[in-house]
*Asks:* 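A single structure is presented below for examination.
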There are 2 protein chains.
Amino acid sequence: MNLKELAAELRLSQTTVSRALNGYPEVSEKTREIVLAAAQRFGYRPSPAARRLATGRAHALGVVFNAERNAFMDPLFVEYLAGVAETSAKEGFDILISPSTPRDEIVSFGRLARDGTVDVIILSAPQVTDARIALLSELEFPFVVHGRPPEPAGVSYIDIDNFGAFQQATSFLIQLGHRRIMLMNGEEHFTFAQDRSRGAAVAFAAAGLPEGLLEEHFMPMTAENAYRCARQALESDARPTAILCGSILVALGVLRAAAELGLEVPRDLSIVAHDDEMPAFPADQFHPQLTTTRSSIRAAGARVAEMALARVAGQKPGAVAEVCN
Amino acid sequence: MNLKELAAELRLSQTTVSRALNGYPEVSEKTREIVLAAAQRFGYRPSPAARRLATGRAHALGVVFNAERNAFMDPLFVEYLAGVAETSAKEGFDILISPSTPRDEIVSFGRLARDGTVDVIILSAPQVTDARIALLSELEFPFVVHGRPPEPAGVSYIDIDNFGAFQQATSFLIQLGHRRIMLMNGEEHFTFAQDRSRGAAVAFAAAGLPEGLLEEHFMPMTAENAYRCARQALESDARPTAILCGSILVALGVLRAAAELGLEVPRDLSIVAHDDEMPAFPADQFHPQLTTTRSSIRAAGARVAEMALARVAGQKPGAVAEVCN
DNA sequence: GGAATCCCCCAAAGCGCTTTGAACGAGGGG
DNA sequence: CCCCTCGTTCAAAGCGCTTTGGGGGATTCC
């Protein structure tokens, strides 16, 4: 059943029925009730395609999904998506996953922004120089960011306090007497990696320690990479006594390296991991249990989706800049 | 730039331009070339919304995303999604994630099927009596299934050989001399759990062993559940000497239970886990390393998406029924 | 009582595409 | 020479909704 039929059934014009259903004030309460009741009764559902064409709005939010990155390094993407899904469902918004490889990611963005298939784009893991942000800004297409954008001015985003978390964790290890500390960080071009790096460096400076004692590695945060890197470091003469891990996956690799070298945690080696909460692999299910500083990525997903919806509703870009934890 | 403007520019009718672009035979090769070149030059992109309204086809495939289930028990969903994304990208199909809670999942399906926002639905983890399949069948809405549907007739699906895998694994353990074997299975209402259960039972029967020696547990496959269940079983007098795990997550919980009880793997306890390949948490990164029987969920995602696209292209339901591995 | 003011409601024009039915030359067969 | 077919092209009618620009009737005000 479509609007025309419904209107005919009610002996009203399409205009009136449409307005009644969409809550416009030009229609009397009495007819509105009648219309709503009839819509309910006939199970009328407006066609999204038609509405989209008429209004120009898609009633959907876009998430670009980088298959490579997500599958190997981001088991949390599901959890994040769950958060996004939660709030978008409330508003009846659909979520469009635009698949892309790292190479054509920027093309995907362009397509998504120009096609009008979505009203707003959520992007994650901003980089120090981020082509996606540049493109969307230039197109003046609404978007929100999960993570700290390189130039936060005029951009709505939500971030966790990576700087603070790593500063604290590092200070903590220093207080415990550790001197040779290793930081296994994500790839250098991500802003979060920069923030974490700065946090650790500041902690070293505050303690009056030479920076050379902090051994830092930037790399894609897979378990395999972490294993190799940790193994090498732990075999060296001046092996670190504590390792700061950028994710649980990294911690997993480090643990394996330590176990193979007969190092006991935490006796011979301290491990601190910072990651979002991972319901599927709860940190306390690991053996040995890890010290982690956690935050809920699901909540983050929900929040960032809220921001996205707010942008669609007309909120100015840059209106929101939250740092949680 | 829209079709009308492009047509005006070319001094052709919209009809001709549309047909030229969509490869219809009624237009001469010469004009087609001219049109294609102009479209390229002006960067013309047809509006998906308008096309959707006119054709009734959405050029998108739907995946219903059950946040609860996926976040806690299915870290592989990302990987699966990556596979789906890969092939759907090739055809230029979008992926619509329809969020839902377990409660309103069926409503989500109905909405998706009736709205015309997607052309086909992919559903996973079919159950012994599956309301979603019943609904889509009744609506005659195209869908394909990842996993064995309860009544495979007339349904296109792809599955891994759960029966065979668990039969073999069980036989293998029996051959090694194990008698008290525990099977930690998924929830009873999933067809895959049934298949696995049957596989193990058949192996026992084939070995002439009484079924009572097989201790089977059906449960949501989280690490926490597995931990609790394994802990209890391993503390009992007649503790199992081998455990068959339904997923890597389950294995993780079992490992922890074993470690806490001072049982060494594989000396005191054999563990076999069956799961899809998990790039983020490769089985060999665990310590101790696990014996797993693996398959690629990403490939499965890609294959099931192919099937979905074939259905859209007109292939009959039930035309494909693949069992891999 | 007539004009001005609301309040509701409507007809019709889009949104940008596909697709039907028809037109119009050019060529071929009778 | 006329009729028919074939190959191209076109005008126009949707697809199902929103939204503009009125319009009629009841109410109010002078």
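This one's a predicted model, so the numbers in the text were calculated from it and none came from an experiment. Quick note on labels: first sequence line is chain A, next is B, and so on, each numbered from 1.
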*Asks:* Closer than 4.0 Å, any side-chain N/O of B:Tyr24 to the OP1 or OP2 of C:dT19?
*Replies:* yes
*Asks:* Mind checking what makes salt bridge (charged side-chain N to carboxylate O under 4.0 Å, His left out) contact with B:Arg19, not counting sequence neighbours?
*Replies:* none
*Asks:* Over how many whole Å does the gap from B:Leu12 atom CG to D:dA11 atom P extend?
*Replies:* 10 Å
*Asks:* Between D:dC10 and B:Ser13, is there an OP1 or OP2 to side-chain N/O distance shorter than 4.0 Å?
*Replies:* yes
*Asks:* Mind checking side-chain contact (heavy atoms from CB on, under 4.5 Å) for A:Ala89 and listing every partner two or more places apart, or none if nothing turns up?
*Replies:* B:Pro99
*Asks:* What does the list of N/O pairs under 3.5 Å between the protein and nucleotides 24-28 of chain C look like, with a distance for each?
*Replies:*
none

*Asks:* Of all heavy-atom pairs between A:Ala113 and A:Phe141, which one has the smallest distance, and what is that distance?
*Replies:* O-CE1, 3.2 Å
*Asks:* Once side chain to side chain donor-acceptor pair (under 3.5 Å) is applied, what residue pairs with a partner in residues 31-45 of chain B remain, sequence neighbours excluded?
*Replies:* A:Asp115-B:Arg45, B:Ser28-B:Thr31, B:Glu29-B:Arg32
*Asks:* Using a strict 4.0 Å threshold on nitrogen-to-oxygen distance, state whether A:Asp94 and B:Arg111 make a salt bridge.
*Replies:* yes
*Asks:* Run the side-chain hydrogen bond (donor to acceptor under 3.5 Å, both in side chains) test against A:Arg148 and tell me which residues pass, sequence neighbours left out.
*Replies:* A:Asp195
*Asks:* Minimum heavy-atom separation for A:Pro149 and A:Val155, please, with both atom names.
*Replies:* CG-CG1, 3.8 Å
*Asks:* Just checking A:Arg19: base, sugar-phosphate only, or nothing, at a heavy-atom cut-off of under 4.0 Å?
*Replies:* base
*Asks:* Using whole Å, report how far CE of B:Met1 lies from C1' of C:dC17.
*Replies:* 15 Å
*Asks:* Under the side-chain hydrogen bond (donor to acceptor under 3.5 Å, both in side chains) rule, collect the residues that match up with B:Gln127, sequence neighbours excluded.
*Replies:* none
*Asks:* Across the strands shown, which category fits A:Arg11 at heavy-atom distances under 4.0 angstrom: base, sugar-phosphate, nothing?
*Replies:* sugar-phosphate
*Asks:* Restricting to nitrogen or oxygen on both sides, can you table the protein-nucleotides 12-16 of chain C pairs closer than 3.5 Å?
*Replies:*
| unit_1 | atom_1 | unit_2 | atom_2 | d |
| --- | --- | --- | --- | --- |
| C:dA12 | N6 | A:Thr15 | OG1 | 3.4 |

*Asks:* May I ask you to list the residues of residues 26-37 of chain B, by number, that have any heavy atom positioned under 4.0 Å from an atom of DNA chain D?
*Replies:* B:Glu26, B:Val27, B:Ser28, B:Thr31
*Asks:* For A:Tyr80 and A:Ser124, which heavy atoms make the closest approach, and how far apart are they?
*Replies:* OH-OG, 3.4 Å
*Asks:* Who passes salt bridge (charged side-chain N to carboxylate O under 4.0 Å, His left out) against B:Arg51, sequence neighbours left out?
*Replies:* none
*Asks:* Do the side-chain N and O atoms of B:Thr15 and B:Ser18 include a donor-acceptor pair separated by under 3.5 angstrom?
*Replies:* no
*Asks:* According to the ring pair (Phe, Tyr, Trp, His ring centres under 6.0 Å) rule, which pairs have a member within residues 116-139 of chain B, sequence neighbours left out?
*Replies:* none
*Asks:* Of all of residues 108-118 of chain A, which get a heavy atom below 4.0 angstrom from DNA chain D, listed by number?
*Replies:* none
*Asks:* If you look only at pairs with a residue in residues 84-123 of chain B, which of them pass as a ring pair (Phe, Tyr, Trp, His ring centres under 6.0 Å), with sequence neighbours excluded?
*Replies:* B:His59-B:Phe93
*Asks:* Can you find a side chain N or O atom of B:Ser18 that sits less than 4.0 Å from OP1 or OP2 on C:dC17?
*Replies:* no
